[in-house]
Participant: 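Take a look at this one; I'll ask things after.
Just follow the structure's listing: the first ligand is 1, and inside any ligand the first atom is 1.
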Amino acid sequence: MNGGRNCDRINVAIDGPAGAGKSTVARKVAERLGYIYIDTGAMYRAVTLAANRAGIAPDEADRLGMLVGKLDIRLKPGAGGQSVLLNKEDVTSAIRTREVTLRVSQVASHQPVRSRLVELQRQLAADKGIVMDGRDIGTHVLPDAELKIFLTASVQTRALRRFQELDADGRVSLTQLEREIADRDRSDEQREISPLVCAKDAVVVDSTELAIDQVVELIVGLSRTKLAEAK
Ligand code: DC
């Protein structure tokens, strides 16, 4: 029993470092449960893209704070995955460039940026039935999520997965990608506000040796157990 809350659905939080497979896994888990998938990294990427376009450097906290207040960021679930709209423009591909990737962690380290996006994320999750992935979902955005997963994998495996995703144009060496991923981990883990840490009540899943579908199966099973407990 839980005091009359909607117990037909739960919220699932999936956190972890870059390249651990969070987005793919979260999207598939959402599909299986009939839930909505929310990619919070995409929101930080949209702010970074807007900042790049406005000529705002990733360390200009005040200007970033003013910018984020003016942006209309929307996530539109669709059959082929989630589309990201920035002031009504579809930026789903534009937010995945290396230019954005190399700056996003620093942009995401500023309090005004985080406060605004966390507010949006909480609104999106208010009615439950959400699978949300990011870095601080279980610890900060949705501390009451019924199921929290911390999904990780070795740096080498994560770099290799990113390498395979890049098209020939954007291809950089595997060693370079390993270095960038390790740098981004460090920056996400060491920032002062909402750093990437594993929530105390999260289930840790190491996907180094697991196929995506095995991870999905595991999380769907855990979700069903939590759902039964919530009823
Ligand atoms: O998951 P991703 O690689 O698309 O995330 C991009 C960046 O955004 C990542 O370096 C850390 C940041 N991020 C964050 O700080 N908090 C979140 N909830 C999600 C992403």
Side-chain angles (χ1 to χ4, degrees), residues 11-27 29-30 37-52 58-59 61 64-65 68 71 73 75 81-84 86 91-125 130-143 145 148-153 155 157-159 161-163 165-166 170 177-199 202 207:
N11 279 338
V12 181
I14 304 185
D15 290 298
K22 294 186 303 293
S23 334
T24 313
V25 165
R27 184 170 42 76
V29 169
Y37 163 51
I38 310 242
D39 173 358
T40 62
M43 300 167 95
Y44 290 95
R45 286 172 178 274
V47 175
T48 307
L49 177 69
N52 285 354
D59 61 352
L64 285 168
V68 75
L71 300 178
I73 298 172
L75 303 179
Q82 171 200 261
S83 301
V84 184
L86 172 63
V91 294
T92 312
S93 312
I95 60 168
R96 302 284 158 198
T97 60
R98 261 170 66 72
E99 236 180 339
V100 170
T101 302
L102 291 174
R103 291 174 166 211
V104 60
S105 187
Q106 198 179 354
V107 169
S109 69
H110 303 295
Q111 183 66 68
V113 173
R114 300 203 73 81
S115 309
R116 175 74 189 120
L117 294 192
V118 168
E119 188 188 321
L120 285 175
Q121 291 155 11
R122 287 183 179 150
Q123 282 168 11
L124 291 169
I130 294 293
V131 181
M132 188 176 280
D133 82 336
R135 303 293 189 287
D136 58 341
I137 310 305
T139 51
H140 181 63
V141 180
L142 305 176
K148 299 179 186 177
I149 304 290
F150 193 82
L151 184 62
T152 185
V155 171
T157 302
R158 292 188 280 128
R161 288 179 189 160
R162 276 284 145 100
F163 184 73
E165 277 167 19
L166 291 174
L177 273 181
E178 276 182 22
R179 206 169 24 235
E180 285 174 12
I181 284 198
D183 284 349
R184 199 137 70 92
D185 284 356
R186 209 169 306 116
S187 153
D188 291 341
E189 285 162 6
Q190 292 179 356
R191 69 168 173 240
E192 271 172 44
I193 313 155
S194 303
L196 169 67
V197 281
C198 179
S207 72

Participant: For ligand 1, which atoms, with element, lie under 4.0 Å from some heavy atom of Arg45?
Facilitator: 2 (P), 3 (O), 4 (O), 6 (C)
Participant: Would you please determine whether Met43 falls within less than 4.0 Å of ligand 1 on a heavy-atom basis?
Facilitator: no
Participant: Is any side-chain N of the basic residue among Arg162 and Glu180 closer than 4.0 Å to the acidic one's carboxylate O?
Facilitator: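 Result for this pair is no, no salt bridge flagged.
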Participant: Using heavy-atom distances only, which candidate in Gln106, Arg135, Lys22 approaches atom 2 (P) of ligand 1 most closely?
Facilitator: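 Among Gln106, Arg135, Lys22, the closest heavy atom to atom 2 (P) of ligand 1 comes from Arg135.
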Participant: Do the side chain of Lys22 and the main chain of Gly16 share a donor and acceptor less than 3.5 angstrom apart?
Facilitator: yes
Participant: What protein heavy atom sits nearest atom 18 (N) of ligand 1, and how far away is it?
Facilitator: Asp136 OD1, 2.8 Å
Participant: Just wondering, are more than 12 heavy atoms of other shown residues or ligands nearer than 6.0 Å to CD in Glu99?
Facilitator: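 At most 12 heavy atoms, drawn from other residues, nucleotides or ligands, come within 6.0 Å of this atom.
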Participant: For Ala20, does its backbone N or O pair with a side-chain atom of Arg161 as donor and acceptor, under 3.5 Å?
Facilitator: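 Checking the backbone N and O of Ala20 against the side chain of Arg161, a donor-acceptor pair under 3.5 Å is found.
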Participant: Could you tell me the residue and atom name of the protein heavy atom closest to atom 20 (C) of ligand 1, and the distance to it rounded to 0.1 Å?
Facilitator: Gly41 CA, 3.6 Å
Participant: Between Arg162, Arg103, Arg114, Arg184, which one has a non-hydrogen atom sitting closest to atom 3 (O) of ligand 1?
Facilitator: Arg184
Participant: Could you state the interatomic distance from CG (Asp183) to CD (Glu178), rounded to the nearest 0.5 Å?
Facilitator: 12.0 Å
Participant: Output the list of atoms in ligand 1 that are nearer than 4.0 Å to some heavy atom of Ala108, sorted by atom number.
Facilitator: 12 (C), 15 (O)
Participant: Heavy-atom pairs closer than 4.0 Å: do any link ligand 1 to the side chain of Gln121, the backbone, both, or neither?
Facilitator: neither
Participant: More than 12 non-hydrogen atoms from neighbouring residues, nucleotides or ligands closer than 6.0 Å to CD on Glu192, yes or no?
Facilitator: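 Check fails, neighbour count at 12 or below.
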Participant: Can you spot which of Thr152, Ile181, Asp188 makes a side-chain contact (heavy atoms from CB on, under 4.5 Å) with Pro17?
Facilitator: Thr152
Participant: Can you tell me which residue among Leu71, Thr92, Ile95 is in a side-chain contact (heavy atoms from CB on, under 4.5 Å) with Leu86?
Facilitator: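 Filter result, single survivor: Leu71.
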Participant: Measure the distance from atom 19 (C) of ligand 1 to every protein heavy atom, then report the residue, atom name and distance (to 0.1 Å) of the closest one.
Facilitator: Thr40 OG1, 3.3 Å
Participant: What about Asp133: any of its N or O atoms under 3.5 Å from an N or O on ligand 1?
Facilitator: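 Min N/O separation from ligand 1 is not below 3.5 Å for Asp133.
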Participant: Show which atoms of ligand 1 fall inside a sub-4.0 Å distance from at least one heavy-atom site of Asp188.
Facilitator: 9 (C), 10 (O), 11 (C)
Participant: Counting only N and O atoms by type, is there a donor-acceptor contact under 3.5 Å from the side chain of Arg114 to the main-chain atoms of Ser109?
Facilitator: no
Participant: Below 4.0 angstrom from a heavy atom of Val104, which ligand 1 atoms are there? Numbered from 1 as shown, please.
Facilitator: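 Per the distance check, 6 (C), 7 (C), 8 (O).
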Participant: Regarding ligand 1, does Tyr44 bring an N or O atom to under 3.5 Å of one of the ligand's N or O atoms?
Facilitator: no
